[in-house]
Student: 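Structure incoming, see below.
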Amino acid sequence: MNQVEIYTDGACKGNPGPGGWGVLLRAPNGQERELHGGESLTTNNRMELMAVIQALRALKKPCEIDLYLDSEYVRKGITEWIHGWRAKGWRTASKQPVKNVELWQDLDALVHQSGHQIRWHWVKGHAGHVDNERADALANKGVPQAR
């Protein structure tokens, strides 16, 4: 199974406002690929989700992935909260509709139907982690594309 490291980040200028997502993919041989994009009226959480979704969509075969992100919303959402949301018909513990449900459903399908083996790693954002800073720069590069 191919191995890959993925670094993702989202950015938003205003919340809501124009936003961007960024992805750095790295193979064990050092080969890298950068992706970025944006939306005109969005939120930071949506862009964090889009970054992970776009990263996983970019992979054409099942991979063993170390995925690094600075969003606890995405990491906890996909590893902990999603099980309850699914069981409750995409409702939260307080019976409210899950925000960004269509993105969560896309991510859920990508994670569980792709054959990927994903290890989720949280890193502190804006703390000098070189590859997280690159993903952040890519996300910010995606913001002007949204306008």
Side-chain angles (χ1 to χ4, degrees), residues 1-87 90 92-93 98-147:
M1 185 173 280
N2 293 339
Q3 295 182 327
V4 65
E5 285 183 352
I6 299 175
Y7 299 86
T8 65
D9 204 9
C12 204
K13 306 303 178 193
N15 203 16
W21 53 266
V23 175
L24 170 64
L25 299 109
R26 181 179 298 128
N29 66 2
Q31 183 179 357
E32 295 180 345
R33 183 173 173 201
E34 295 180 343
L35 308 170
H36 62 277
E39 294 180 8
S40 59
L41 185 60
T42 190
T43 64
N44 191 65
N45 283 342
R46 285 186 68 82
M47 293 297 89
E48 295 282 358
L49 278 162
M50 280 301 295
V52 176
I53 289 167
Q54 294 298 336
L56 295 177
R57 283 184 180 157
L59 301 173
K60 302 305 177 200
K61 297 187 240 178
C63 294
E64 187 176 314
I65 303 166
D66 280 295
L67 198 149
Y68 298 86
L69 65 169
D70 62 12
S71 171
E72 284 285 59
Y73 169 71
V74 176
R75 189 185 68 80
K76 285 187 175 182
I78 197 64
T79 62
E80 298 174 27
W81 307 332
I82 201 160
H83 311 293
W85 294 339
R86 226 186 291 116
W90 296 99
T92 65
V98 172
K99 291 181 182 176
N100 305 309
V101 67
E102 75 286 358
L103 296 181
W104 283 113
Q105 289 170 336
D106 285 350
L107 182 56
D108 188 33
L110 284 165
V111 167
H112 293 101
Q113 297 170 10
S114 63
H116 298 312
Q117 295 175 6
I118 305 171
R119 287 179 294 275
W120 301 87
H121 305 278
W122 179 81
V123 295
K124 185 174 182 177
H126 309 288
H129 187 286
V130 174
D131 294 318
N132 179 256
E133 297 294 338
R134 281 184 66 189
D136 179 64
L138 290 165
N140 281 293
K141 190 175 179 180
V143 173
Q145 294 180 338
R147 297 178 184 194

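Keep in mind that this is a model prediction, so the values were computed, not measured. The basis for the numbers below is simple: all heavy atoms, side chains too, and nothing from hydrogens, waters or symmetry mates.
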Student: Quick check for you: to the nearest 0.5 Å, what is the distance between D106 atom CG and I53 atom CD1?
Tutor: 5.0 Å

Student: Before giving the answer on side chain to side chain contact (heavy atoms under 4.5 Å, CB included), spell out for I118 and I6 the whole-Å C-alpha distance, their side-chain angles and the decisive distance to 0.1 Å.
Tutor: CA-CA 10 Å; I118 305 171; I6 299 175; over 6 Å; no

Student: Given side chain to side chain contact (heavy atoms under 4.5 Å, CB included), test N2 with L59 step by step and report yes or no.
Tutor: CA-CA 10 Å; N2 293 339; L59 301 173; over 6 Å; no

Student: How far does CG of N100 sit from CG of N45, to the nearest 0.5 angstrom?
Tutor: 6.5 Å

Student: Which residues pass the salt bridge (Lys or Arg N to Asp or Glu O under 4.0 Å) test with R33, not counting sequence neighbours?
Tutor: none

Student: Determine the minimum heavy-atom distance between Q54 and L35, stating which atoms define it.
Tutor: O-CD1, 4.1 Å

Student: Can you name the salt bridge (Lys or Arg N to Asp or Glu O under 4.0 Å) partners of R134, sequence neighbours left out?
Tutor: E32, E34

Student: Provide the closest heavy-atom pair for T8 versus A55 in the form atom of the first, atom of the second, distance.
Tutor: CG2-CB, 4.2 Å

Student: Can any side-chain N or O of W122 pair as donor or acceptor with the backbone N or O of D70 at less than 3.5 Å?
Tutor: yes

Student: Taking the six-membered ring for Trp, are Y68 and Y7 parallel (under 30°), tilted (30 to 60°) or perpendicular (over 60°)?
Tutor: parallel

Student: Give a yes or no answer on whether the side chain of H116 reaches the backbone of C63 with a donor-acceptor pair at less than 3.5 Å.
Tutor: yes

Student: Would you sort out whether W81 and W104 count as a side chain to side chain contact (heavy atoms under 4.5 Å, CB included), showing the intermediate values?
Tutor: CA-CA 11 Å; W81 307 332; W104 283 113; 5.5 Å; no

Student: Quick one: CG on L49 to CG on N44, what's the gap to the nearest 0.5 Å?
Tutor: 10.0 Å

Student: With W120 as reference, evaluate I65, D66, V52 under the side chain to side chain contact (heavy atoms under 4.5 Å, CB included) test and give the passing residue.
Tutor: V52

Student: How close do Q31 and N29 get, heavy atom to heavy atom, and via which atoms?
Tutor: N-OD1, 2.8 Å

Student: Is a salt bridge present between E48 and R75, judged by a nitrogen-to-oxygen distance below 4.0 Å?
Tutor: no

Student: Determine the minimum heavy-atom distance between T42 and R46, stating which atoms define it.
Tutor: OG1-CB, 3.3 Å

Student: Measuring from atom NZ of K13 to atom CE of M47, what distance do you get when rounded to the nearest 0.5 angstrom?
Tutor: 13.0 Å

Student: Which heavy atom in C12 sits nearest to a heavy atom in N15, and how many Å separate them?
Tutor: SG-OD1, 4.0 Å

Student: Around atom CD of E80, are there more than 12 heavy atoms from other residues, nucleotides or ligands closer than 6.0 Å?
Tutor: yes

Student: Show your reasoning for whether side chain to side chain contact (heavy atoms under 4.5 Å, CB included) applies to D131 and R26.
Tutor: CA-CA 10 Å; D131 294 318; R26 181 179 298 128; 2.9 Å; yes

Student: For D9 and A139, indicate whether the former's side chain and the latter's backbone hold a donor-acceptor pair under 3.5 Å.
Tutor: no

Student: Using every non-hydrogen atom in the two residues, find where P62 and S114 come nearest and quote the distance to one decimal.
Tutor: CG-O, 3.5 Å

Student: Are K124 and N132 linked by a side-chain donor-acceptor pair shorter than 3.5 Å?
Tutor: no

Student: Taking atom CD1 of I78 and atom OH of Y73, what is their separation to the nearest 0.5 Å?
Tutor: 11.0 Å

